[in-house]
Colleague: 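Have a look at this one before I ask anything.
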Amino acid sequence: MISLRGICRHYRLGEQQLAALTDIDLDIAQGEYLSIMGPSGSGKSTLLNQIALLDRPTAGTYLLNGRDVTSLPDDELARIRRENMGFVFQFFHLIPRLSAAENIEIPLLLAGIDPSLRKRKVTEAITAIGLAGRSAHRPDQLSGGERQRVAIARATIMQPSTLLADEPTGNLDQATGKQVIDLLEDLNRRGVTLIMVTHDQAIGGRAGRRIRIVDGRIIGAG
Amino acid sequence: MRGTDSILLAFGAIRGHRLRSSLTILGMGIGVSAVVLLTSLGNAARSYVTGEFSELGANMVIVLPGRNETTGGIPPIMGETPRDLTLDDALALGRSPVIREVAPVMLGSVPVSARGLEREVTVIGTTSGMEIVRNLRMARGRFLAAGDPHLAAPECVLGETVRKELFGADHSLGEWLRIGDRRCRIIGVLAPSGVSLGSDLDDMVMLPVASAEILFNTSSLFRVLLQVDPNLRQEDAAREIRRIIMDRHEGEDDITIISQDSVLATFDRILLVLTLGIGAIAGISLAVAGILIMNIMLVSVTQRTAEIGLLRAIGAPAGDIRRLFLIEALLLSGLGTGFGLLAGILGAVLLHRLYPLLPLAIPAWSVAASAGTAMLAGLVFGALPAIRAARLNPVTALTGR
Ligand SMILES: Nc1ncnc2c1ncn2[C@@H]1O[C@H](COP(=O)(O)OP(=O)(O)OP(=O)(O)O)[C@@H](O)[C@H]1O
Ligand SMILES: [Mg+2]
């Protein structure tokens, strides 16, 4: 359960203040499928970064499963991200010199899990995304869709309770995008909270819950 | 994150930029091998010189007339005229139980002639003890006889150069030689020994010290060479020598004692300082290589901003990032050190092959110091890029803003 109360995020640009988010109140229950839409520059990514605990709010409170995490130290936030959050990005953000399997393995590495267990989990994950035969391939040897699937495997390898996706299909053609969405929705059906920022009405419309942001405020919920 | 995983990940990053990494490693390697090679050269020079000195014969002590501090003390302002060192002083030293052998030395340059050929030659008046103290070997005949040193026997021993110039291929043993206004019979020729301790033993004539006293019309010795008891420490021997001479010189301590040990120690010190200096200069290249590493690591941090952002986003604490980049810098300097040591050692071996005279040994301290300095340079110069990487804000790093 994620609860945002009065979250504001202001950027200081020289003398000026830019309000990227203003007074956001948002509750997201475990297992929800939430899409965030809105015009470019409206604050969608800023909001997602707040939910992801990647960025600190200028004002407001963040409760994660009832615990106030607003002002926890950085390392503690990193641990929460590692254990509770999975990330899928528009630009995949795979490490170019590592193979598909090694990219998927990174969160396990960071968590200090021992090598034999790591190997088993990675094999499982790469089979689940249908890329078992490509595990030794580097990202530049994979198509966009395959890269995003690797990224999803990496995001889910720690079995997080929440998946955060910022325009996961933004760099993919429609058919490939559909595959990726299917994969994410499948995870959601198995109980993972899915929060997705998208420009695509059709994709956003599939979500069980849709919010719209304009100028840093939530103006509509559906 | 586990230590081994960090190292593997950092190593992967190094392998990811083969050219860049190998150039950095090369830079560090050149620095390390320069230190190793130059210090072992310095060390070789040191052992070469000290080796030359030890050939003089062990336990040799030289006594000079006059107090003459070689260790750098201020000489007395009121110049006390030193008493001469005489043959009797030398013989008194010879009677001491701590002294094995004594060789007085009287020195001068005198015209020497034989068969109408004449030439100016260094003439040494000494006793039979000289043969033992200076470890002399005879090419022909025998050395001066061991009789009463006060007897001016008309005998002399030639160095090889003098013999060749005066007699050429002809027979010299038993011939008469005119030395100044004295005549003496050649009883022996020294085997060639080259220059040692700054004097060319091949280019001189030796005759009994009593003959030299008459020849030079003086009783003062140039110096006295002694061979002391090898079981005695040289400073104890020096004390005993001083005591004997003071007894004979009315309590006046007016001699200077040079022991092989002290000469060796002085040379050793000078050359060690020299070697350290050379090593330190070569060490500067290690600092340069360290800066190279810093530069490469800063480039690496900039290029891998998105990667750092990703790692932070998926839950790597800042400390992990810092550690990864530090390990990377240390791996670069470590690999450089490894290759540098290898190259330095190979170079030293090669030099030894080319110049077998140089007693080339790589000093352990230079290996330790260069490796230590290289790793320290990696640590110090890797710290800034690592701190910078760890400070990156994950959101801005990810968006490349
Ligand atoms: N680090 C920053 N410094 C200054 N301004 C920022 C920063 N990050 C975001 N902004 C500003 O905050 C506002 C919201 O940005 P955000 O990235 O959340 O928009 P978005 O809705 O995700 O847009 P898009 O659909 O183009 O991705 C924008 O006006 C943007 O310029
Ligand atoms: Mg955005």
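Because the structure is a prediction, the values reported are computed rather than measured. The figures here come from the full heavy-atom set of this structure, side chains too, leaving out hydrogens, waters and symmetry mates. Just so we're on the same page: letters track the sequence lines, and every chain starts at 1.
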Colleague: Considering only heavy atoms from C-beta outward, does the side chain of B:Leu398 approach that of A:His93 to under 4.5 Å?
Modeller: yes

Colleague: Provide the closest heavy-atom pair for A:Ile113 versus B:Arg2 in the form atom of the first, atom of the second, distance.
Modeller: O-NE, 3.7 Å

Colleague: Of all the residues in residues 6-34 of chain B, which have a heavy atom that comes within less than 4.5 Å of a heavy atom in chain A?
Modeller: B:Leu9, B:Gly12, B:Ala13, B:Gly16

Colleague: Is there a side-chain contact (heavy atoms from CB on, under 4.5 Å) between A:Leu94 and B:Glu307? Walk through the geometry before answering.
Modeller: CA-CA 8 Å; A:Leu94 298 177; B:Glu307 177 185 328; over 6 Å; no

Colleague: Does any backbone or side-chain atom of A:Ile95 lie under 4.5 Å from a heavy atom of chain B? Answer side chain, backbone, both or neither.
Modeller: side chain

Colleague: Any chance CD of A:Gln159 has more than 12 other-residue heavy atoms, nucleotides or ligands included, within less than 6.0 Å?
Modeller: no

Colleague: For chain B, which residues from residues 99-112 of chain A lie under 4.5 Å away (heavy-atom distances)?
Modeller: A:Ile106, A:Pro107, A:Leu109, A:Leu110, A:Gly112

Colleague: Please flag which part of A:Arg97 lies under 4.5 Å from any non-hydrogen atom of chain B: side chain, backbone, both or neither.
Modeller: side chain

Colleague: Heavy-atom cut-off 4.5 Å, strictly under: side chain, backbone, both or neither for A:Arg56 against chain B?
Modeller: neither

Colleague: State, yes or no, whether a side-chain contact exists between A:Phe89 and B:Leu310 at a heavy-atom distance under 4.5 Å.
Modeller: yes

Colleague: Determine the minimum heavy-atom distance between B:Gly315 and A:Arg82, stating which atoms define it.
Modeller: O-NH1, 2.8 Å

Colleague: Can you tell me which portion of A:Asp114 sits under 4.5 Å from chain B's heavy atoms? Options are side chain, backbone, both or neither.
Modeller: both

Colleague: CE/A:Met158 to CD1/B:Ile314 distance, rounded to the nearest 0.5 angstrom?
Modeller: 9.5 Å

Colleague: Please output the residues of residues 148-157 of chain A in contact with chain B, using a heavy-atom cutoff of under 4.5 Å, in numerical order.
Modeller: A:Arg154

Colleague: Can you check whether anything in residues 318-332 of chain B gets within less than 4.5 Å of chain A, heavy-atom wise, and list it by number?
Modeller: B:Ala318, B:Asp320

Colleague: With a cut-off of 6.0 Å (strictly less than), are more than 12 heavy atoms of other residues, nucleotides or ligands near CG of A:Asp215?
Modeller: no

Colleague: Please check if the number of heavy atoms outside A:Gln16 that lie under 6.0 Å from its CD is greater than 12.
Modeller: no

Colleague: In the structure I gave you, are the side-chain heavy atoms of B:Val395 and A:Gln50 within less than 4.5 Å of one another anywhere?
Modeller: no

Colleague: Sort out for me which of B:Ala316, B:Ala313, B:Pro394 touches chain A most, counting heavy-atom pairs under 4.5 Å.
Modeller: B:Ala313

